[in-house]
Visitor: 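Handing you this structure, nothing more for now.
Residue numbers start at 1 and run along the sequence shown. Every heavy atom of this structure was used, including side-chain atoms; hydrogens, water molecules and symmetry mates were not. All values derive from a computational prediction rather than experimental measurement.
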Amino acid sequence: MKVIRTAGELREVMNEARAKGLGIGLVPTMGALHAGHISLMERARRENDIVVASVFVNPTQFNNPEDLRTYPRTEEADCLKLEQAGVDYAFIPTVEEVYPEPDTRQFDLGPVAEVMEGAMRPGHFNGVAQIVSKLFAMVAPHRAYFGEKDFQQIAVIRRMVQLEGFDIDIIACPICREADGLALSSRNVRLTPEGRKYAPAIHRILEESCAMVPSADIGQVKNFVTRSINAVPTLEVEYFEIADALTMQTAESWDSAGGTVGCITVYCGDVRLIDNIIYTKATR
C-alpha cells in the first residue's frame, strides 16, 4: 500500500490508473477505523481494480469545535488496517493540503439536508459536500462506498453528485454492529464503561418497535422509541424521526413511496450516537 499526502500526487496516480482502463473504488473516511470501515474497503476490493481510501478529519463538517478537537486520530493503526484490507492507496493529507484557501462553496442540497442532522448541525452537510466533492474531483472514482449508519448523509451525497454532474456510482453498504447490536462508530471509543453497557439498548428498542408496524401509527412508534430509550440510564434522545427513505422528509404513513426509515440520534453521556432502522421498503 502506498500512502499519498498531496492532491497533486493523488491526481497523477489516478490519471495513470484510468489511462490503463482500471476500475477505481473510493472509500472516504475520517480515520479511527473499525470493522465497519473495513467492510466498505473489502467490498470495494471485490468490485474494483484499484482501491483508494482517504483518512481525513474534515473540519468544515464540524459545527461543534469540541467534537472536532476530541475526534479520535489513530493514523498508525489506521494504515495497518488499510493495508490488511487490501487498499492500494491511502490518501492522508493535511488540512492545508485539502483547503489551501477557505472553501466558500454553498451547495443547494435541498430538503434532504434540511431535516434531522441538517437541522441539528447547521452547516454540517455543506461541509460534507465540500470534502466529498473535493475527493471525487481528485480521485474520479467509478464507485464510492458509504455506510448506511449515516443514512441521511448518503441521500445528501447523491444530491451533491447530481448537482455537480459526477459520473460515480454511490454504493450504500449495510451497518456493521457489535455482537450486542451497537452500531460500530469511531466515537464508541469515547464511551464510558457504563455508557458502553447501556448503548446497545438503542438498537434493541428500534428492533422492538418494528413489531408495532403497521398496526400502530407513526406517532405511536415514535413515542414508544423515544420514551423507552430515555428510560435507559445514561441515554437521552436528541431526535427520532420516521422519514421517507428517499426524500428524508417526515413520513405521513407506512406506505410512503420511498419506504420508511427510523433515524435516531442519542446522547450517551456526552457521546453523540446515531443509528437507524428500515421499517418498510419502497413501494415504487
Side-chain angles (χ1 to χ4, degrees), residues 1-4 10-11 13-14 17-18 22-58 61 74-75 77-93 98 109 112-113 117 124-125 127-177 183-188 245-246 248 261 263 274-276 278:
M1 182 186 76
K2 180 176 177 58
V3 175
I4 296 176
L10 181 64
R11 288 191 179 95
V13 171
M14 293 300 101
R18 280 190 301 279
L22 299 176
I24 302 169
L26 171 66
V27 183
T29 84
M30 291 207 299
L33 302 179
H34 52 65
H37 296 113
I38 302 307
S39 71
L40 304 182
M41 294 163 198
E42 289 173 343
R43 179 163 177 184
R45 178 76 281 161
R46 293 193 300 269
E47 297 179 354
N48 301 276
D49 302 306
I50 298 291
V51 177
V52 182
S54 62
V55 176
F56 179 67
V57 181
N58 175 43
Q61 70 190 68
T74 56
E75 182 181 316
D78 288 346
C79 284
L80 181 60
K81 291 175 181 176
L82 293 173
E83 192 155 19
Q84 291 172 340
V87 168
D88 298 291
Y89 299 100
F91 180 48
I92 311 179
V98 175
L109 298 169
V112 294
E117 289 297 280
H124 167 67
F125 282 133
V128 169
Q130 287 175 341
I131 183 58
V132 174
S133 64
K134 279 179 171 284
L135 290 170
F136 284 0
M138 293 176 198
V139 178
H142 298 90
R143 302 171 191 86
Y145 297 79
F146 298 88
E148 287 186 335
K149 181 172 71 70
D150 297 294
F151 197 95
Q152 185 181 9
Q153 176 177 278
I154 295 173
V156 169
I157 289 169
R158 286 187 167 134
R159 168 66 177 163
M160 182 274 292
V161 165
Q162 180 185 42
L163 285 172
E164 297 297 296
F166 288 115
D167 183 16
I168 299 170
D169 290 334
I170 303 302
I171 310 297
C173 301
I175 298 172
C176 287
R177 299 185 181 277
L184 294 182
S185 170
S186 300
R187 289 181 169 86
N188 290 353
L246 292 179
M248 295 291 102
V261 58
C263 296
I274 66 173
D275 206 340
N276 62 76
I278 298 293

Visitor: Ala245 and Val261: which non-hydrogen atoms are nearest, and at how many Å?
Guide: CA-CG1, 3.8 Å
Visitor: Just by distance, do the side chain of Glu42 and the backbone of Ala85 share a donor-acceptor pair under 3.5 Å?
Guide: no
Visitor: Looking at Ile50 and Ala17, what are the two nearest heavy atoms and their distance?
Guide: CG1-CB, 4.3 Å
Visitor: Would you sort out whether Ile274 and Phe151 count as a side-chain contact (heavy atoms from CB on, under 4.5 Å), showing the intermediate values?
Guide: CA-CA 10 Å; Ile274 66 173; Phe151 197 95; over 6 Å; no
Visitor: Please evaluate residues Met30 and Ser186 with respect to the criterion side-chain contact (heavy atoms from CB on, under 4.5 Å), reporting the C-alpha separation (whole Å), side-chain torsions for both, the decisive distance (0.1 Å), and the verdict.
Guide: CA-CA 9 Å; Met30 291 207 299; Ser186 300; over 6 Å; no
Visitor: Which pair of non-hydrogen atoms, one from Ala144 and one from Ile168, has the smallest distance, and what is that distance?
Guide: N-CG2, 4.0 Å
Visitor: A side-chain contact here means heavy atoms from C-beta on lying under 4.5 Å apart; do Phe136 and Val161 qualify?
Guide: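 Yes - at least one pair of side-chain heavy atoms lies under 4.5 Å apart.
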Visitor: Please name the pair of heavy atoms, one in Ile24 and one in Ala140, separated by the smallest distance, quoted to 0.1 Å.
Guide: CD1-O, 4.5 Å
Visitor: Under the 3.5 angstrom rule, does the side chain of Gln152 hit a backbone N or O of Glu117 as a donor-acceptor pair?
Guide: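 Such a contact is found between Gln152 side chain and Glu117 backbone.
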Visitor: Drop me the distance from Arg159's CZ to Phe125's CZ, to the nearest 0.5 angstrom.
Guide: 14.0 Å
Visitor: Minimum heavy-atom separation for Val27 to Ala44, with atom names?
Guide: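 The pair with the smallest heavy-atom distance is CG2-CB, 4.1 Å.
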Visitor: Drop me the distance from Arg18's CZ to His142's NE2, to the nearest 0.5 angstrom.
Guide: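 That separation rounds to 7.5 Å.
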Visitor: Check whether any side-chain heavy atom of Glu164 lies under 4.5 Å from a side-chain heavy atom of Val132, and answer yes or no.
Guide: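 Not touching, per the 4.5 Å side-chain cut-off.
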Visitor: Test of understanding: with salt bridge (Lys or Arg N to Asp or Glu O under 4.0 Å), list the residues that count as partners of Glu47, not counting sequence neighbours.
Guide: Arg43
Visitor: State the CE-CG distance between Met41 and Leu82, to the nearest 0.5 angstrom.
Guide: 5.0 Å
Visitor: Drop me the distance from Gln84's CD to Cys79's SG, to the nearest 0.5 angstrom.
Guide: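 It is 11.5 Å, given to the nearest 0.5 Å.
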Visitor: The test is side-chain contact (heavy atoms from CB on, under 4.5 Å); show your working for Val98 and Leu135 and say whether it passes.
Guide: CA-CA 9 Å; Val98 175; Leu135 290 170; over 6 Å; no
Visitor: Please confirm whether the backbone N or O of Glu148 pairs with a side-chain atom of Asn276, one donor and one acceptor, at under 3.5 Å?
Guide: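 A pair under 3.5 Å: yes.
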Visitor: CG of Leu26 to CD1 of Ile170: how many Å apart, nearest 0.5 Å?
Guide: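 Going from CG on Leu26 over to CD1 on Ile170, the span is 9.0 Å.
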Visitor: Which residue pairs satisfy the salt bridge (charged side-chain N to carboxylate O under 4.0 Å, His left out) criterion with at least one member in residues 78-91, sequence neighbours excluded?
Guide: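 Residue pairs passing salt bridge (charged side-chain N to carboxylate O under 4.0 Å, His left out), neighbours aside: Arg45-Asp88.
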Visitor: Could you go through residues 33-40 and list every donor-acceptor pair under 3.5 Å that involves a side-chain atom there, pairing it with any protein atom two or more places apart or in another chain?
Guide:
| from | atom 1 | to | atom 2 | distance (Å) |
| --- | --- | --- | --- | --- |
| His34 | ND1 | Gly36 | N | 2.9 |
| His37 | ND1 | His34 | N | 3.1 |
| Ser39 | OG | Gly36 | O | 2.6 |

Visitor: On a heavy-atom basis, which atom in Phe56 and which in Pro93 lie closest, and how many Å separate them?
Guide: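 Taking every non-hydrogen atom into account, CD1-O, 3.7 Å.
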Visitor: Say you draw a straight line from CZ of Phe91 to CG of Leu10; how long is it, rounded to the nearest 0.5 Å?
Guide: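 Reported value, rounded in 0.5 Å steps: 5.0 Å.
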